[in-house]
K.L.:
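If you scroll down you'll find the structure; I have some questions about it.
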Amino acid sequence: MATSKPQFLANDAIASDVYEGLTASPKHLPAKLFYDTTGSQLFEQITELPAYYLTRTERSILEEHASQILRQAGSALTLVELGAGTATKTRILIEELLRQQPRALFYPIDVSPSALDQAAWQLGNEFPGLRVNSIVADYTGGVPALSRIVGRKLVLYIGSSIGNFEPPHAIRILRRIRQTLRPGDALLLGADYAKSPKILLPAYDDALGVTSAFNKNMLARLNRELDADFDLEAFKHVALWNRRCSRVEIYLESLADQSVFLPTLDLDVRFRAGERMHTENSYKYTMGMIESILRESGFMLEQTWQDRQNWFGVHLARV
Ligand code: TRP
């Protein structure tokens, strides 16, 4: 008798994605598993690690050039932010914007209502001239509500999140956003540059083990939420630089021949010693790649700001 793939409840998106990933060859796990409460806290810690240069480098670029970035974007701006989270770096731009204009609207978009509530509450308190209208949405499918916003929009897509998508997917995401904008609107895109693996790899495999804990939290989460019995000690965090594809690849590697049982999925998964399970990619862009994804999604690159070491770039593009 043929065995068929089990059916999961429609709302249990995690279960069916995990089943698909663990029965695939090579195995993989969906990156969206990273960001539960524990994972979000661990990622917050990653952004403060000395080895994770991305966050502080982007922040320093925004601090140094906020005034010029906003003037270049245009007057009477309304800010939109894709994947805003708690919008911590955004306050640099908001503060400067409110020096250039007395009032502003800010539309943070995120899948996490709790992060948005926190952002709205803090920013509303801190900046009396700011009105915050949160949008709970997955921006990757486009956000139709954006087309109803009147006035000139500057869409912030910072934090290098673009790098976590395959370039063709990144283009589709930007194109969907572009469809809700009007001529004169702008996009501010933060992206990490391709560079030596001596700098890249420690950012994804730090000496303190925070990144390893962040990656392994996926397994801990499967233990908590799907009743799985992953032994976290029996897997190792691995980060590799794939120069041909210009990306850092993140894996969990099995340290032994072992099998793991996921009762909720009625699934027994065997791992060989040394077998790697893929969890995430982080694409690192060259200037040529930036220009091309912007062009292919209907934007025109207007200006780039970067740090002195050229590690990270913030790009203003126009519809
Ligand atoms: N957007 C982050 C990045 O690509 C996500 C990230 C940081 C990450 N450290 C990680 C993903 C470690 C997986 C493993 O830089």
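Every heavy atom of this structure was used, including side-chain atoms; hydrogens, water molecules and symmetry mates were not. When a residue number appears, it is its place in the shown sequence, counting from 1.
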K.L.:
Using the ring pair (Phe, Tyr, Trp, His ring centres under 6.0 Å) criterion, which residues pair with F214? Sequence neighbours excluded.
P.N.:
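Listed in chain order: F34, Y35, F43.
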K.L.:
Going by the rule side-chain contact (heavy atoms from CB on, under 4.5 Å), which residues pair with N217 if we only count those two or more places apart in sequence or in a different chain?
P.N.:
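Only D36, T38, L42, A220, R224 meet the side-chain contact (heavy atoms from CB on, under 4.5 Å) criterion with N217.
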K.L.:
With a 4.0 Å cut-off on N to O distance, would you call R308 and E64 a salt bridge?
P.N.:
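A salt bridge links R308 with E64.
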K.L.:
Report yes or no: does R276 contribute a side-chain atom to a donor-acceptor pair with the main-chain N or O of S254 at less than 3.5 Å?
P.N.:
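It does not hold such a pair.
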K.L.:
For residues 164-175, which residue pairs pass the side chain to side chain donor-acceptor pair (under 3.5 Å) check, not counting sequence neighbours?
P.N.:
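Residue pairs passing side chain to side chain donor-acceptor pair (under 3.5 Å), neighbours aside: N164-E280, E166-N281, E166-Y283.
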K.L.:
Kindly give the cluster partners of L116, where membership spreads through any ILVMFWY side chain lying under 4.5 Å from a current member.
P.N.:
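Result for L116 is V136.
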K.L.:
Any Lys/Arg nitrogen of K32 or D17 sitting under 4.0 Å from an Asp/Glu carboxylate oxygen of the other?
P.N.:
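The answer is yes: the pair qualifies as a salt bridge.
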K.L.:
Within the structure provided, determine whether L123 and R91 are in side-chain contact (heavy-atom separation under 4.5 Å).
P.N.:
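Touching, per the 4.5 Å side-chain cut-off.
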K.L.:
Please list, one pair per line, the donor and acceptor atoms closer than 3.5 Å that link side chains of residues 46-55 to other protein atoms, with sequence neighbours excluded.
P.N.:
| residue | atom | partner | partner atom | Å |
| --- | --- | --- | --- | --- |
| T47 | OG1 | E44 | O | 2.6 |
| Y53 | OH | D192 | OD1 | 3.2 |
| Y53 | OH | D192 | OD2 | 2.6 |
| Y53 | OH | K195 | NZ | 2.8 |

K.L.:
Take atom CZ of R103 as the centre, draw a 6.0 Å sphere, and report whether it contains more than 12 heavy atoms from other residues, nucleotides or ligands.
P.N.:
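No - once you tally the heavy atoms of other residues, nucleotides and ligands closer than 6.0 Å, there are 12 at most.
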K.L.:
Running the 4.5 Å side-chain criterion over Ile, Leu, Val, Met, Phe, Trp and Tyr, what cluster does L240 land in, apart from itself?
P.N.:
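Listed partners: V238, Y251.
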K.L.:
More than 12 heavy atoms of other residues, nucleotides or ligands under 6.0 Å from CG of D266: is that the case?
P.N.:
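No, CG of D266 has 12 or fewer neighbouring heavy atoms, counting only those of other groups under 6.0 Å.
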